[in-house]
Structures are given as structure tokens and as C-alpha cells.
Number of protein chains: 2
Amino acid sequence: MFSNSTKYAIKAVLYLAVNSSEEKKVVVNDMAGLINVPKAYIAKILQELSKKNLISSTRGPKGGFYLSEDNKKAKVYDIVIAMDEEQRMNSCLLSLKKCNIDNPCSLHHLAYNEKEAIIRKLNNTSLEELVEHIKTGKSVFPI
Amino acid sequence: MFSNSTKYAIKAVLYLAVNSSEEKKVVVNDMAGLINVPKAYIAKILQELSKKNLISSTRGPKGGFYLSEDNKKAKVYDIVIAMDEEQRMNSCLLSLKKCNIDNPCSLHHLAYNEKEAIIRKLNNTSLEELVEHIKTGKSVFPI
DNA sequence: TCTTAAATATGATTATTATCATATTTTATT
DNA sequence: AATAAAATATGATAATAATCATATTTAAGA
């Protein structure tokens, strides 16, 4: 459903959400191993997220990546969109240009409501909330 | 959600379901234009589907592709699986090896039920039924 | 101010997916 | 039997996604 880049981005951001703060930055060299993603690859993704202000960073010694309080309020869907998955998530299962309830493709009624529901939930759930779930044992940090 | 190959396969099979029979075969040269998929590409996909007995064919003059009555009873999900999308459909959103309700990844509860519902419907809907929907105007043939 | 540890920018390589091309085999028709 | 029209088998090319590598910039601390 998601590309590797998007999965890695979500994992990385979640890792930061759980383990970082402005006082406790995380260095890409450490993170790669901890979330089990190739170092050079995750580095590139982190830079992308940073440029889009979804994560925070400072350079130089004692630098690293972290989530500001503001960053933690972002929704999961913000990360998905940042990684350019809007099309994949939102488009018709059979790539009909204008697929909607008035002009539904043959698979529309098999998936539309469910896909909408997923998007709605991704868009209603903040990183903070996911952290809460992890901390209370309702879900597991994905390695 | 689906790869291009899978989308094309579904479109092609649907086209045959609506427009072909053992007495009325369709030739790849015609079909390509009719469903708006590159000829050489759809040819390859049809051969794949044929080898897996999801569509029928005969060679030589007056030959072509068609769906037997049996072929028409296949489920949409059979086509999806034939195109090797099992992984993409069934795997965890974050690629957790063992993601389930007892060990749920952080996005599990945001998508699991919906994804299951889609798979269930794809697996409960036959090509015949989709044809019926098209013929009664409940859905539109996807070009 | 020099050194060093970090992110950033940029681009190269590899793998996968999508697309194209063509020689071979089968079969109906003449 | 010969011809021609179809699928089949196979492989080549192109585009995109995934992965790797490295030079540059920034900032802390000696």
C-alpha cells in the first residue's frame, strides 16, 4: 500500500516521536540501526522530511534530528502526503480519471468507503496519539 | 494500490467478460485500443492470464481470447493474486513481519479492518457479477 | 580559530516495474 | 501442402523506485 520510502519515513518519525526532543537529539548513524533501515537511505528521507518541516534538526556537534512539540502534533497523513503518496492513496483502483459515486468504476463499490475510512483515520491521528498507544502497550513500535 | 499490470489485467478480463464468449473471440490487436493499454504490454499480460487458466484462448486464424463460462465465475481477487499482488494487499502497512491484533504495528488499528473488508469483497465478487453491474448501469466499464 | 561532528546537497548505482519487439508455434482456410 | 492469422515464448529497452556514496556546510568545543 505504501512505498518503502513512506514506510521508512513513518518509522523514522515515530522513532523520533518516542525517543527524541529538543534536548535529546538523535543522530542518523544511530537511528539507522535502531529502526533497521539502510543508513544512507534513511538519511536522505530525513533530509526530505526536515526540508518540509515535519521534523527538526540542527547541524554540527551535538546536533541531530528530533521532533519539536509542534512536529508531534502532525498527523500521520501529513507524512504520507509529504512522501508523495497522495496519488496512490486517493486514486481510483482502476485509474479511471473521474471515478466517483455518479460514475463509478467496476471496483468502486468494493473499496471506496474503506479507502476513505483509512485516509480519514490517517488524517485524524497525530503522532502524539501513536506515541501514547505505544507507551500504553496498545501497539508495538514497528522495527 | 494495484500495480499497472494488475489494473490492466482486470480491465482486460472485464473487457472479455463483457464482450467475448467461445463463439466470439477477441484479438489482442483489437483489444489494446479498446481498453487503452499498449498492445505489446497487454499481449504479455493476456499470455500470463492464459497460462494460469484465468482466460481462454485459441491460436491461428479465427483464434483469439475469450472467457469460458467457467472463467467468468472467477473472483476479482483471483486476478489480483495471479498478478502477484498478494504481498501488497495482505502485508502490514509498515512491513512488520508478524503484525496482528496481538502484536499490532502502530497503524494496525487505522487500516486493518478496512483492508480486510476490501480483500473480502474482492474475493466474494465474481467477474459475472461485475458484468451484471455494468449491464444494469450500476458501474461503468473502466477505460 | 581549528578541529570535529553533525546535517545538507547532490549525484551515482542498482533493482524493479513497465513497456516494446520479434521469432516460433499452432490452426483454419485455400 | 501452402498460406496466413492468430497466440506463445522469450528477451530487450526504458522508466521509476530503492539504495549507496561523497563533497559541502554548519556549529560546538578545545
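Source: prediction; values computed, not measured. Convention: sequence-line order gives letters A, B, ...; per-chain numbering from 1. In what follows, every heavy atom counts, from backbone to side chain, and hydrogens, waters and symmetry copies are set aside.
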Practice problem: Between R88(B) and G60(A), name the one whose nearest nucleotide on DNA chain C is closer to the 5' end. | Solution: G60(A)
Practice problem: Could you tell me whether the phosphate oxygens of dT8(D), OP1 or OP2, come under 4.0 Å of any side-chain nitrogen or oxygen in S50(B)? | Solution: yes
Quiz item: Using a distance-only test with no angle check, is there a side-chain donor-acceptor pair under 3.5 angstrom linking Q47(B) and S50(B)?
Solution: no
Exercise. Measure across S20(B) and V26(B) and return the closest heavy-atom pair with its distance rounded to 0.1 Å.
Key: CB-CG2, 3.9 Å
Quiz item: Would you say K52(B) has more than 12 foreign heavy atoms packed within less than 6.0 Å of its NZ?
Solution: yes
Quiz item: K39(B) has an atom NZ; how far is it from atom P of dA7(D), in whole Å?
Solution: 9 Å
Quiz prompt | Residue whose nearest DNA chain C nucleotide is more 5′ - Q47(A) or P61(A) | solution = P61(A)
Quiz item: Between T6(B) (side chain) and F2(B) (backbone), is there a donor-acceptor pair under 3.5 Å?
Solution: no
Self-check item: T58(B) or T58(A), whichever maps to the more 5' nucleotide of DNA chain D
Solution: T58(B)
Quiz prompt | Contact residues, residues 23-32 of chain B to DNA chain D [heavy atom, < 4.0 Å] | solution = V26(B), V27(B), V28(B)
Self-check item: Nearest heavy-atom neighbours spanning I79(A) and A9(A)
Solution: CG2-CB, 4.0 Å
Exercise. Please report, rounded to the nearest Å, how far the P atom of dT17(C) is from the CE atom of M83(B).
Key: 12 Å
Quiz item: Which one, dT10(D), dA18(D), dT8(D), comes nearest to the side chain of K44(B)?
Solution: dT10(D)
Quiz item: In whole angstrom, what separates I45(A)'s CD1 from dA18(D)'s P?
Solution: 9 Å
Quiz item: Does atom OH of Y41(B) have more than 12 heavy-atom neighbours from other groups under 6.0 Å away?
Solution: yes
Quiz item: Rounding to a whole Å, what distance do you find between L54(B):CG and dA7(D):P?
Solution: 17 Å
Quiz prompt | Short side-chain N/O contact from N4(A) to OP1 or OP2 of dA17(D), under 4.0 Å | solution = no
Quiz item: Does R59(B) get its side chain close enough to the base of dT25(C), under 3.5 Å, for a donor-acceptor pair?
Solution: yes
Quiz prompt | 5' precedence on DNA chain D between K62(B) and Y8(A) (nearest-nucleotide basis) | solution = K62(B)
Self-check item: Any S5(B) side-chain nitrogen or oxygen under 4.0 Å from OP1 or OP2 of dA18(C)
Solution: yes
Quiz item: Taking all atoms of both residues into account, what is the closest heavy-atom pair of H108(B) and I101(B), and its distance?
Solution: NE2-N, 3.9 Å
Quiz item: Which whole-number value in Å describes the distance from K51(B) NZ to dT25(C) P?
Solution: 15 Å
Quiz item: Of the nucleotides dA12(D), dA18(D), dT10(C), which has the atom closest to the Y41(A) side chain?
Solution: dA18(D)
Quiz item: How many Å lie between NZ on K11(A) and P on dA18(D), as a whole number?
Solution: 14 Å
Quiz item: What's the CD-C1' distance between E48(B) and dA18(C), to the nearest Å?
Solution: 12 Å
Quiz item: dT8(D) phosphate, OP1 or OP2: any side-chain N/O from S57(B) under 4.0 angstrom?
Solution: yes
Self-check item: N/O donor-acceptor pair under 3.5 Å between N123(A) side chain and R120(A) backbone
Solution: no
Self-check item: Rounded distance in Å - CG (L46(A)) to C1' (dT10(C))
Solution: 17 Å
